[in-house]
Amino acid sequence: EVQLVESGGGLVQTGGSLRLSCAASGFAFDDYSIGWFRQTPGKEREGVSAIHNGDGATYYLDSVKGRFTISNDKAKNTVYLQMNNLKPEDTATYYCGAMWSLTISTSGGPNKYGVDYWGQGTQVTVSS
């Protein structure tokens with residue numbers, strides 16, 4: 001059974017940091033890319049960052065470059081998203097998604113239409 005389990009969300013003040021985790025199981029981790037996506041009510045889900053587990057290539061939405069860092073731990077089949085200097089506009093439910101074929105949108109983040117498996121999401125709230 002494929003599972004993606006996110007954790008690490010919470011409430012922080014502007015300028016604070018959080019680290020999200022996405023623990024994957026049930027598929028060949030090295031063969032997939034893992035992306036982080038976020039969504040707020042009434043808006044489209046947008047791709048924030050992605051990492052290709054095979055070669056380690058990373059991708060970022062333009063608005064998070066320099067603030068967010070994606071990484072993986074292949075021994076734990078886990079992908080992390082370190083989020084620094086958080087802003088109120090980063091408030092959203094964050095989802096991780098596994099993609100056999102990774103495509104990147106014009107804004108720099110992963111394309112949500114390529115996701116094969118989704119996690120359940122974790123809430124990130126940044127207070128001003």
Salt bridge flag under 4.0 Å for residues Lys112 and Glu46: no
Derivation and outcome, side chain to side chain contact (heavy atoms under 4.5 Å, CB included), residues Asp90 and Arg67: CA-CA 11 Å; Asp90 296 317; Arg67 300 189 297 122; 2.7 Å; yes
Atom pair CD/CZ of Glu44 and Arg38 - distance to nearest 0.5 Å: 14.0 Å
Closest non-hydrogen atom pair between Met99 and Ala50, with its separation: CE-CB, 4.4 Å
Joint cluster assignment, Tyr59 & Phe68, ILVMFWY side-chain distance < 4.5 Å: no
Same cluster (ILVMFWY, side-chain, under 4.5 Å), Leu86 and Val64: yes
Rounded distance (nearest 0.5 Å) linking atom CD of Gln39 with atom OH of Tyr94: 12.0 Å
Close side-chain approach of Trp36 and Val79, heavy atoms under 4.5 Å: yes
Tyr117 vs Phe27, ring-ring contact (aromatic ring centres under 6.0 Å, His included): CA-CA, chis, key distance, verdict: CA-CA 10 Å; Tyr117 310 113; Phe27 61 93; 5.7 Å; yes
Which residues share a ring-ring contact (aromatic ring centres under 6.0 Å, His included) with Phe37, sequence neighbours left out: Trp118
Close side-chain approach of Glu89 and Thr91, heavy atoms under 4.5 Å: no
Minimum side-chain heavy-atom gap Thr78-Tyr80 below 4.5 Å: yes
Separation of Glu6 CD from Thr93 OG1 (nearest 0.5 Å): 10.0 Å
Anything under 3.5 Å between a donor and an acceptor, one on a side chain of residues 7-26, the other on a protein residue two or more places apart or in another chain? List them.
from	atom 1	to	atom 2	distance (Å)
Thr14	OG1	Ser127	O	2.8
Ser17	OG	Asn84	OD1	2.9

Nearest atoms (heavy-atom pairs only) where Ser49 meets Leu81: CB-CD1, 4.0 Å
Asn53 and Asp30: side chain donor to acceptor below 3.5 Å: no
Value rounded to 0.5 Å, distance of OG in Ser33 from CD1 in Ile70: 9.0 Å
Side chain to side chain, Thr69 and Tyr60, heavy atoms closer than 4.5 Å: yes
Heavy-atom side-chain contact between Ile34 and His52 under 4.5 Å: no
Charged N-O contact under 4.0 Å between Asp62 and Lys65: yes
Distance in Å, Lys76 NZ paired with Phe29 CZ, rounded so as to fall on 0.5 Å steps: 12.0 Å
Within-4.5 Å side-chain heavy-atom neighbours: Leu102 and Pro110: yes
Atom pair CD1/CG of Ile51 and Asn72 - distance to nearest 0.5 Å: 4.0 Å
Short side-chain to backbone donor-acceptor contact, Asp31 and Ala28, under 3.5 Å: no
Aromatic plane relationship, Tyr32 with Trp100 - under 30° parallel, 30 to 60° tilted, over 60° perpendicular: perpendicular
